[in-house]
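Inspection log for the structure reproduced underneath, given as structure tokens.
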Amino acid sequence: MESTFEHQSTTTYQKQVVASTASGFVLENMDIMFLSFTLSSIISELHISSTAAGWIGTITNFGMLVGGVIFGILADRIGRIKTFSHTIFIFALATAAMYFANNLTLIYVCRFLAGIGAGGEYGIGMAIIAESFPRHQVGKITSIASIGGQVGALVAAFLAAWILPSFGWHALFLFGIVPVILTYFVRRHLKESPSFLKTLPTKKTTHNGLGHALKILFNSPQATRQTFSLMIMTIVQIAGYFGLMTWLPSIMQTRLHLTVGSSSLWMISTIVGMSLGMAAFGLLLDKFGPRLTFGIFLLMAAVSVYLLLAAQNMQTLVLFGTIVGFFSNGMFGGYGAVISQLYPTEIRATANNIIMNVGRCVGGFSSVLIGILLDHFSITIVILMLSILYIISFISMLSIKNLGLHFLVLVNN
């Protein structure tokens with residue numbers, strides 16, 4: 001393990017690392033869910049098509065790719081903590097600005113800026129965790145931090161049930177700025193990890209920004225195959241998440257004649273399932289390695305999404321939503337753990353951000369694609385598409401050589 005912290009000094013620092021990373025994910029996912037819960041209202045108020053509405057989420061992910069590259073490079077050059085503590089403010093201000101967005105163009109602009117701010121969150125947070133915990137705990141800790149995102153989603157669900165009926169969709173986005181205070185005070189107490197500081201003396205000669213990172217990501221046929229395979233997996237991960245969380249509340253409101261409050265209950269059960277899935281995935285990842293753990297979850301996700309077609313009432317919808325959430329999004333924290341182990345410290349934040357945000361940018365097109373499919377076809381076609389995507393991710397995972405026994409031995413040593 002790269003961390004050189006003494007045992008007695010790890011406890012407080014490691015708690016602060018997890019708290020700061022999780023708090024960033026809380027805010028980020030809360031904002032994503034705000035969009036999910038307000039999508040029907042935005043469509044109705046602005047009289048736009050499902051396709052145009054789908055672009056809102058996709059444009060956010062374009063911004064994440066841009067911000068991910070910029071802030072990933074800065075984190076690897078000048079420090080994780082320094083960069084991490086500033087991305088939140090761009091993101092929060094752009095989220096709150098949605099309160100004033102009264103046309104589609106302004107919404108697109110706000111979402112792109114929010115994406116830029118949020119783009120650095122995942123990679124930097126995962127890099128800090130990888131450099132602050134023993135290898136055999138990284139899977140568990142990255143998954144615990146990722147559960148913070150689901151806490152944000154739960155907060156969004158409760159706020160949506162309270163705010164939307166009385167105050168409208170604009171007011172909901174104002175709450176995106178509230179966690180900034182807590183996040184700022186948590187992060188200001190963190191210091192750079194010793195493993196990162198060790199790379200500083202040689203950075204001027206060995207680190208050349210994006211070009212250097214890309215060279216390592218694609219410096220051989222095996223490295224290229226590994227990087228592209230991880231990108232495919234994150235694309236599917238994000239596509240599945242956006243498919244479930246952006247459109248299904250609106251679909252279920254129409255299909256089962258649910259109120260916003262009732263659809264929020266289904267969302268809560270799905271989020272609880274995702275959190276339980278993340279906890280289980282992290283433990284299994286550290287014990288059995290990524291190939292077996294990802295394999296189980298990807299195949300089960302491909303099968304379980306069909307349960308949503310069988311939901312005929314609120315009770316079955318809650319149960320099936322929990323199961324689907326468990327397998328479809330339990331894997332989220334695992335990507336940070338795997339990427340952080342497969343790429344060196346000098347490009348760790350950049351590698352995480354490029355791979356995850358390519359996944360977000362391309363996978364975010366699922367919002368548009370699902371909107372198009374819903375305009376012309378049925379939800380059955382959407383579920384079939386999601387199932388096929390998980391199978392594609394499974395095949396891509398099998399092609400990554402370093403996810404085999406070598407990785408498991410590396411983690412357990």
Side-chain angles (χ1 to χ4, degrees), residues 18-41 57 60 88 91-92 95-96 98 114 118 121-122 125 142-167 169 171-183 186 237-238 240-253 258-282 308 311 314-315 317-333:
V18 175
S20 63
T21 304
S23 63
F25 293 160
V26 167
L27 179 57
E28 179 184 335
N29 216 39
M30 187 170 69
D31 174 81
I32 291 173
M33 294 309 301
F34 282 169
L35 180 60
S36 175
F37 285 118
T38 59
L39 197 59
S40 295
S41 299
T60 305
I88 196 72
F91 176 61
T95 299
M98 281 287 288
E121 294 284 337
Y122 186 89
T142 55
S143 292
I144 289 174
S146 296
I147 291 173
Q150 305 316 304
V151 173
L154 284 173
V155 172
F158 286 117
L159 287 174
W162 171 44
I163 297 294
L164 289 180
S166 301
F167 302 99
W169 68 269
L172 187 61
F173 283 95
L174 282 178
F175 284 86
I177 204 169
V178 173
V180 170
I181 300 173
L182 174 62
T183 303
V186 170
Q237 181 69 39
I238 299 303
Y241 183 81
F242 270 73
L244 289 171
M245 307 305 279
T246 302
W247 278 113
L248 282 180
S250 299
I251 293 171
M252 292 306 175
Q253 286 175 28
L258 302 177
T259 64
V260 173
S262 296
S263 65
S264 296
L265 178 61
W266 170 75
M267 294 293 286
I268 290 170
S269 70
T270 303
I271 291 165
V272 169
M274 290 178 176
S275 300
L276 293 173
M278 287 177 180
F281 186 92
L308 296 174
M314 196 64 213
Q315 290 72 31
L317 186 61
V318 167
L319 174 62
F320 295 159
T322 304
I323 296 172
V324 173
F326 184 96
F327 291 108
S328 67
N329 211 48
M331 301 169 279
F332 186 75

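Everything numeric here is computed off the predicted structure, so don't read it as measured data.
Pairs passing the salt bridge (charged side-chain N to carboxylate O under 4.0 Å, His left out) check and including a residue from residues 27-36, sequence neighbours excluded, read Glu28-Arg360, Asp31-Arg111.
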Can Leu35 and Trp169 be said to form a side chain to side chain contact (heavy atoms under 4.5 Å, CB included), step by step?
CA-CA 9 Å; Leu35 180 60; Trp169 68 269; over 6 Å; no
Apply side chain to side chain contact (heavy atoms under 4.5 Å, CB included) to the pair Leu172 and Leu164, showing each step before the final yes or no.
CA-CA 7 Å; Leu172 187 61; Leu164 289 180; 4.2 Å; yes
Decide yes or no on side chain to side chain contact (heavy atoms under 4.5 Å, CB included) for Phe175 and Ile163, but give the supporting numbers first.
CA-CA 10 Å; Phe175 284 86; Ile163 297 294; 3.7 Å; yes
Residue pair Thr38, Met98: steps toward the side chain to side chain contact (heavy atoms under 4.5 Å, CB included) verdict:
CA-CA 11 Å; Thr38 59; Met98 281 287 288; over 6 Å; no
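How far CZ of Phe167 is from CH2 of Trp162: 6.5 Å, rounded to the nearest 0.5 Å. Leu154 CG to Met274 CE: the interatomic distance, rounded to the nearest 0.5 Å, is 10.5 Å. Once rounded to the nearest 0.5 Å, the distance linking CD of Glu121 with OG of Ser23 reads 8.0 Å. In this structure, CE on Met331 lies 11.0 Å from CZ on Phe326, to the nearest 0.5 angstrom. The CE atom of Met33 sits 5.0 Å away from atom CD1 of Ile271, with the distance rounded to the nearest 0.5 Å.
At least one side-chain heavy atom of Val18 sits under 4.5 Å from a side-chain heavy atom of Ile144. The shortest distance between side-chain heavy atoms of Phe37 and Leu159 does not fall below 4.5 Å.
Scanning all heavy atoms of the two residues, the minimum distance from Ser146 to Phe25 falls at CA-CD1, 3.8 Å. Phe173 and Phe34 make their closest contact through CE2-CB, 3.7 Å (heavy atoms, listed as atom of the first residue, atom of the second, distance). The minimum heavy-atom distance linking Val155 with Met30 is given by the pair CG1-SD, 3.6 Å. In this structure, Ala114 and Thr95 approach most closely via the heavy-atom pair CB-OG1, 4.3 Å.
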Taking only distance into account, with no hydrogens and no angle test, what donor-acceptor pairs under 3.5 Å do side-chain atoms of residues 317-325 form with protein atoms, sequence neighbours excluded?
{"from": "Thr322", "atom 1": "OG1", "to": "Ser269", "atom 2": "O", "distance (Å)": "3.2"}
{"from": "Thr322", "atom 1": "OG1", "to": "Val318", "atom 2": "O", "distance (Å)": "2.9"}

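Without hydrogens or angle criteria, Gln237 side chain to Ser328 main chain gives a donor-acceptor distance under 3.5 Å.
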